[in-house]
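As structure tokens, the structure follows; a few thoughts come after it.
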Amino acid sequence: MTKMEEASQYFSQELLTWYRRQRRDLPWRLSRDPYRIWVSEIMLQQTRVDTVIPYYNRFMDKFPTAAALAEAPEEEVLKCWEGLGYYSRARNLQAGAREVVLKYGGMVPDDKSAVAGLKGVGPYTSGAIMSIAFNRPEPAVDGNVMRVLSRYFCLEDDIAKPATRVSIEKLAVSLIPDGAAGDFNQALMELGALVCTPKSPGCLTCPVMEHCKGRLEGREGELPIKTKAKPPRPEQRVAAIVLGSGANAGKVLVRRRPDTGLLAQMWELPHLLLAKDKAGLLDESMPKEQQELAELLGKLLHDETSLLIRPRRWFLDTDHVFSHIHWKMRVYLADLGGEGLTAEKAEAYGIAAEAASGYMDAGRAEGDFAFGSISGERAGASDLYASAAIAVAERELPKEYAWIGPEDMDVLPFPNIFLRILRDFWE
DNA sequence: AAGCCGGGGCA
DNA sequence: TGCCCAGGCTT
């Protein structure tokens, strides 16, 4: 037996024994229901165990079977996923559940290619489901496994490269003890999560330290080798909390994001992305810059809704970092002009002047911006505000917009950044 | 191969 | 603050 073979056999045996003694009691380890394993593995993609647990329990409570998930309204599924991130996981999972119902009678099939073909199920997840739920000897190689094996066998391949995952999969399969695929794969990940951690690995408590090549060569700290990700690009955004009035008193204006792309189909505060040449405005907090931002915001929202939206004062600045974008957001409180106007009234009064002066009144309230420079543009702007004022009385909101109160937050899915802002506002 | 897609925990 | 994730999809 070569040294490598000996180290491999030792590794598999000791790790399996360690796991069966040390395994954590996790909600998805209470049964081997493939659906329950599947849901857990999707949630655990790029997400820590402690974060997932409460989501998992709620989700299984609400959607206990593939059939239940398949039947649910999409927005309800998204709401259950709210705050967990990577929301396409939720949509893909539901699409997968529908496929399982239609093609396999609601039972996840004990079939590798069928499982691997489900939406949102890639090489890692299919391996995890096949091994954990069906005890099939498939590799389930995630970042944890790549880290553990890189250290144990002192592998110097860049784990950021797809080819490295493929080669580590081959190694991982060869390590699976007969008849113990599920436990072994979980053992590998459990070791990575509890002992062979990214920063300061707990070698002294590691069940396989004795033959760990990385450790023996004193290189556990520099493994695995991984190229760094690019830093997220900054984006400056300006949002409004628009206070409703009349029938919408106590409510705020929100809108639903497009069907695809970042935070698809989630709800948000209406806001705009500052063009490059305007991005600097966010760093300047002088009244002049504040005013220009407020005007840009008012104009954009008027274009989209035909409402006369008047940013009244600064509310807060906040940051939100996604994996590839860094949002720097300023939020204004805003209200509406032109309420109570009818088309008849507008004609009778000569609405242009009235709307413009209403806008000016807004600027004079205590604590508000000085809208002094508006008066210089008053003549030109008045037509815009006049038509907006009439629109307030006559037009419906575009379909992606809605007025909502605090109670609606319990139904509509919002990404974390807007959840925080709105909770802050209603507090 | 590189970019897109969230969020939280930790030193 | 920067770095790390129990990945998969699109281009």
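Below, each value reflects all heavy atoms present in this structure, side chains not excepted, and no hydrogens, waters or symmetry copies. Sequence lines set the chain letters: A, B, ... in the order given, protein chains first and strands last, and positions in each chain run from 1. Since this is a predicted model, take the numbers as computed values, not measurements.
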Using a strict heavy-atom distance below 4.0 Å, which residues from residues 151-160 of chain A are in contact with DNA chain C? none

Check DNA chain C against residues 42-53 of chain A and give the residues with a non-hydrogen atom under 4.0 Å, in numerical order. A:Leu44, A:Gln45, A:Gln46, A:Thr47, A:Arg48, A:Val49

Would you kindly compare A:Lys199 and A:Ile417 by the position of their nearest DNA chain B nucleotide and give the one closer to the 5′ end? A:Ile417

Looking only at side-chain N and O atoms, does A:Thr197 come under 4.0 Å of OP1 or OP2 in C:dC4? no

Please produce a list of atom pairs where a protein N or O lies less than 3.5 Å from an N or O of nucleotides 2-4 of chain B.
{"residue": "B:dG3", "atom": "OP1", "partner": "A:Lys230", "partner atom": "NZ", "Å": "3.3"}

Taking atom P in both C:dA6 and B:dC4, what distance in whole Å separates the two? 23 Å

Please say whether the positively charged group of A:Arg89, taken as NZ for Lys or CZ for Arg, lies over the ring of A:Tyr86, i.e. under 6.0 angstrom from the six-membered ring centre and within 45 degrees of the axis. no

Please list, pair by pair, any protein nitrogen or oxygen found under 3.5 Å from a nitrogen or oxygen in nucleotides 9-11 of chain C.
{"residue": "C:dC9", "atom": "OP1", "partner": "A:Gly120", "partner atom": "N", "Å": "3.0"}

For A:Asp110, enumerate each residue passing the side chain to side chain donor-acceptor pair (under 3.5 Å) test, keeping only those at least two apart in sequence or located in another chain. A:Arg136

Among the nucleotides B:dG6, C:dA6, C:dC3, whichever has the atom closest to the side chain of A:Lys228 is C:dC3

Have a look at A:Leu26 and say if it touches a base, only the backbone sugar-phosphate, or nothing, with a 4.0 Å heavy-atom cut-off. base

Residues 178-207 of chain A vs salt bridge (Lys or Arg N to Asp or Glu O under 4.0 Å), sequence neighbours excluded, gives A:Arg20-A:Asp183, A:Arg24-A:Glu190, A:Arg29-A:Glu190

Any sub-3.5 Å donor-acceptor pair from A:Gln94's side-chain atoms to A:Leu69's backbone N or O? yes

